[in-house]
Amino acid sequence: MYTEKQTKNILTKQTIAEELLREGKKSRLVSFLYLILVTFFGELVCLLIYVSDLAGRERGAIHWILYFSLVIACMIPLLFVIFSIPAWRSMQKRLKNGDFFVITDTVVYKEEKTIRRRRSIRAVKILHFQSFGDIHVGSTYYPMTSSDDVFYMVVFSEDSKAPIKYYPAKLYEYKE
């Protein structure tokens with residue numbers, strides 16, 4: 001009789017770091033492009049206001065103060081990106097150096113809640129853990145999880161309140 005051998009995906013610090021670096025790079029790129037577009041269109045609006053209303057006309061100081069306030073407000077997203085680059089670099093360095101921990105936690109119970117935000121209603125799948133409390137999970141891990149299942153939690157410090165990433169022990173095996 002033929003039986004299929006069940007194998008688990010192997011997790012190591014290196015594979016976790018590579019995955020987190022890949023995900024981080026993708027999300028940083030998307031947010032950077034979004035903020036650049038917002039800044040560009042905001043500055044374009046400022047240029048149009050300048051050309052149509054302020055250029056070549058005698059305007060009072062209040063008009064100029066309002067105009068430059070608008071220009072600065074439109075640059076805030078770009079400044080946010082510039083000032084967050086050191087934090088991104090620091091996180092990249094920590095991941096590359098393996099400066100994170102993989103600890104286990106057990107599911108106490110799971111539940112599905114209906115959350116209403118403004119006019120939309122959506123179902124949220126929540127796993128309740130012993131140490132980490134409530135964690136919203138996607139529809140991939142929720143159906144296969146039951147009480148007393150073990151998860152590998154990736155955190156930057158051992159006393160962290162929220163994991164960076166989590167993996168079910170049913171599908172993954174962690175090796176140092």
Side-chain angles (χ1 to χ4, degrees), residues 5-42 74-118 120-176:
K5 184 179 178 183
Q6 295 288 333
T7 59
K8 293 183 178 184
N9 298 321
I10 304 297
L11 279 178
T12 62
K13 276 198 161 195
Q14 182 181 359
T15 59
I16 293 170
E18 289 170 358
E19 183 178 352
L20 290 173
L21 285 169
R22 191 173 42 253
E23 289 174 1
K25 185 177 182 180
K26 200 182 315 179
S27 69
R28 279 192 310 276
L29 180 64
V30 169
S31 63
F32 181 72
L33 290 175
Y34 173 73
L35 292 173
I36 292 294
L37 284 174
V38 167
T39 303
F40 173 75
F41 285 114
C74 290
M75 291 181 71
I76 288 174
L78 184 60
L79 294 173
F80 175 75
V81 169
I82 290 169
F83 289 128
S84 64
I85 288 174
W88 290 342
R89 289 285 197 193
S90 172
M91 190 162 103
Q92 270 185 325
K93 187 176 180 181
R94 289 179 79 178
L95 289 172
K96 285 180 182 178
N97 292 338
D99 189 17
F100 58 89
F101 300 95
V102 179
I103 56 178
T104 58
D105 199 0
T106 307
V107 175
V108 178
Y109 66 96
K110 67 180 190 176
E111 73 176 315
E112 197 167 335
K113 286 184 181 177
T114 304
I115 294 180
R116 183 179 186 153
R117 266 200 191 152
R118 295 183 188 157
S120 66
I121 298 173
R122 65 183 183 119
V124 177
K125 294 164 177 48
I126 301 171
L127 297 178
H128 300 273
F129 289 91
Q130 285 179 352
S131 301
F132 288 99
D134 301 348
I135 295 180
H136 296 249
V137 295
S139 56
T140 305
Y141 296 151
Y142 186 79
M144 71 175 74
T145 304
S146 58
S147 296
D148 297 327
D149 280 357
V150 176
F151 273 68
Y152 297 110
M153 303 294 199
V154 181
V155 292
F156 277 127
S157 66
E158 290 186 33
D159 58 345
S160 180
K161 300 291 182 200
I164 305 165
K165 188 110 175 133
Y166 49 87
Y167 300 93
K170 283 183 179 179
L171 299 177
Y172 295 92
E173 183 180 346
Y174 180 68
K175 293 186 178 180
E176 290 278 338

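- Shown here are the ring pair (Phe, Tyr, Trp, His ring centres under 6.0 Å) partners of His128, two or more places apart in sequence or in another chain: Tyr109.
- Residues forming a salt bridge (Lys or Arg N to Asp or Glu O under 4.0 Å) with Lys170 (at least two apart in sequence, or on another chain): Asp149.
- Val137 is not listed as a side-chain neighbour of Lys110, based on a closest heavy-atom distance of 4.5 Å or more.
- Using a 4.5 Å heavy-atom threshold, the side chains of Phe156 and Met91 count as touching.
- The aromatic ring centres of Tyr152 and Tyr172 sit 6.0 Å or more apart.
- Take Ile10 and apply the side chain to side chain contact (heavy atoms under 4.5 Å, CB included) test, not counting sequence neighbours, and it matches Thr12, Glu173, Lys175.
- Using a 4.5 Å heavy-atom cutoff, the side chains of Tyr167 and Asn9 are not in contact.
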Would you list the atom pairs, donor with acceptor, under 3.5 Å between side chains in residues 100-107 and any protein atom, with sequence neighbours excluded?
unit_1, atom_1, unit_2, atom_2, d
Asp105, OD1, Gln130, N, 3.4
Asp105, OD1, Ser131, N, 3.2
Asp105, OD2, Ser131, N, 3.0
Asp105, OD2, Phe132, N, 3.0

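- In this structure, the side chains of Pro163 and Val154 stay at 4.5 Å or more apart for every pair of heavy atoms.
- Considering only residues two or more places apart in sequence or on other chains, Tyr142 meets the ring pair (Phe, Tyr, Trp, His ring centres under 6.0 Å) condition with none of them.
- Distance CD/Glu111 to CG/Leu127: 10.0 Å, rounded to 0.5 Å.
- Partners of Gln92 under the side chain to side chain contact (heavy atoms under 4.5 Å, CB included) rule, at least two apart in sequence or in another chain, are Leu21, Arg28, Arg89.
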